[in-house]
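Data block below; observations after.
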Amino acid sequence: MKIATWNVNSLRARADRVEAWLRRTDVDVLAIQETKCRDENFPWELFENNGYEVAHFGLSQWNGVAIASRVGLEDVERAFAGQPVFGKGGKDPVQEPRALGATCNGVRVWSLYVPNGRALDDEHMPYKLQWLDVLKDQAAGWLQADPQAQIALMGDWNIAPQDEDVWDIDLFRREGLTHVSEPERAAFRAFERAGYADVVRPFAPGPGVYTYWDYTQLRFPKKEGMRIDFVLGSPALASRVRSASIDREERKGKGASDHAPVIVELD
DNA sequence: ATGGTCGGAAACCGA
């Protein structure tokens, strides 16, 4: 069984590429982030025509997560229990569509789009950290309830856990940029302490291995990227991993997402 | 020449 995660940065703008990619890679499950559409605008046929069931959670042009599967799609959950809400400047808090869970052939898959944080002193940063803390508590609970559970927490984590996960750590430090701060990294490590492991890094070690390249500044041709998309597996899931890869080729050419798909092959 | 990008409920905001 092959599972994958991909921040497509607008599904409608990327429909042709996503369809071609599905046909080419032959994955069984794809977790998608940043669909950037509501259910009414979601390209359901794209998946159905290619043999996939699909679940989507999207409320506006922002965020949006989906899971496509051709090995079953059960117990779909929009948001995790206690998922923090965000209300900008005291406005009505909303539960943003950033998490979608579904069981696919015995694997509990979560498609996750972790809040960006925007800046170290922005109100989105405590939101990001709180969001991760609550998810970590939930994920720890799932494992306590069933230590044999096969769980894949996959998506755009918006964290670069190690110095080698950005092209120039000194620049990030000097500029006080997000994604590499100690609180963000601690939030990521908390998942590892709870029993989850990055199942891709052993098969795609750095340095210089990334999943995201900013559209600006010619970051991709200059090989200046960030590793921020991860598949964290529970012990039972991790023990099934046969190989993993980052599809850097998909970042090439006109009409590419700024994120590359990340693929994990299970026994 | 010392900046170079995308997408969308766009003429700004979010990444």
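Just so we're on the same page: letters track the sequence lines, and every chain starts at 1.
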With A:E77 via side chain to side chain contact (heavy atoms under 4.5 Å, CB included) - residues at least two apart
A:R108, A:W110
Give a yes or no on whether A:N49 atom CG has more than 12 heavy-atom contacts from other residues, nucleotides or ligands under 6.0 Å away.
yes
Give a yes or no on whether the ring-centroid distance for A:Y212 and A:W157 is below 6.0 angstrom.
no
Distance check: side-chain N/O of A:R14 vs OP1/OP2 of B:dG7, anything under 4.0 Å?
yes
Heavy-atom nearest nucleotide on DNA chain B taken for A:K222 and for A:A256; more 5' hit belongs to A:K222
For the pair made of [atom1] in [X] and [atom2] in [N], what is the distance, rounded to whole Å?
X	N	atom1	atom2	value
A:R251	B:dT5	CZ	P	12 Å
A:W213	B:dC6	CH2	C1'	16 Å
A:Q217	B:dG3	CD	P	8 Å
A:L218	B:dT5	CG	C1'	10 Å
A:Q61	B:dA9	CD	P	6 Å

Using a strict threshold of under 4.0 Å (side-chain N to carboxylate O), is an ion pair present between A:D163 and A:R185?
yes
In plain terms, say whether A:R201 and A:E164 are close enough for a salt bridge, that is, a side-chain N and a carboxylate O under 4.0 Å apart.
yes
Could you give the distance separating [M] and [N] at their [atom1] atoms, to the nearest angstrom?
N	M	atom1	answer
B:dG8	B:dG4	C1'	22 Å
B:dC6	B:dT2	C1'	22 Å
B:dC13	B:dA9	C1'	12 Å
B:dG3	B:dG7	P	24 Å

Start with the C-alpha distance between A:W167 and A:F172, add both sets of side-chain angles, then the distance that settles ring pair (Phe, Tyr, Trp, His ring centres under 6.0 Å), and finish with yes or no.
CA-CA 9 Å; A:W167 76 93; A:F172 276 69; 5.3 Å; yes
Indicate, with a heavy-atom threshold strictly under 4.0 Å, whether A:K254 touches base, sugar-phosphate, or nothing.
nothing
Write down the protein N/O and nucleotide N/O pairs, taken from nucleotides 13-15 of chain B, whose separation is under 3.5 Å; answer none if there are no such pairs.
residue	atom	partner	partner atom	Å
B:dG14	OP1	A:K88	NZ	2.2
B:dA15	OP2	A:R118	NE	2.7
B:dA15	OP2	A:R118	NH2	3.3

Which hydrophobic side chains are connected to A:L120, either touching it within the sub-4.5 Å cutoff or through other members that do?
A:M125, A:L129
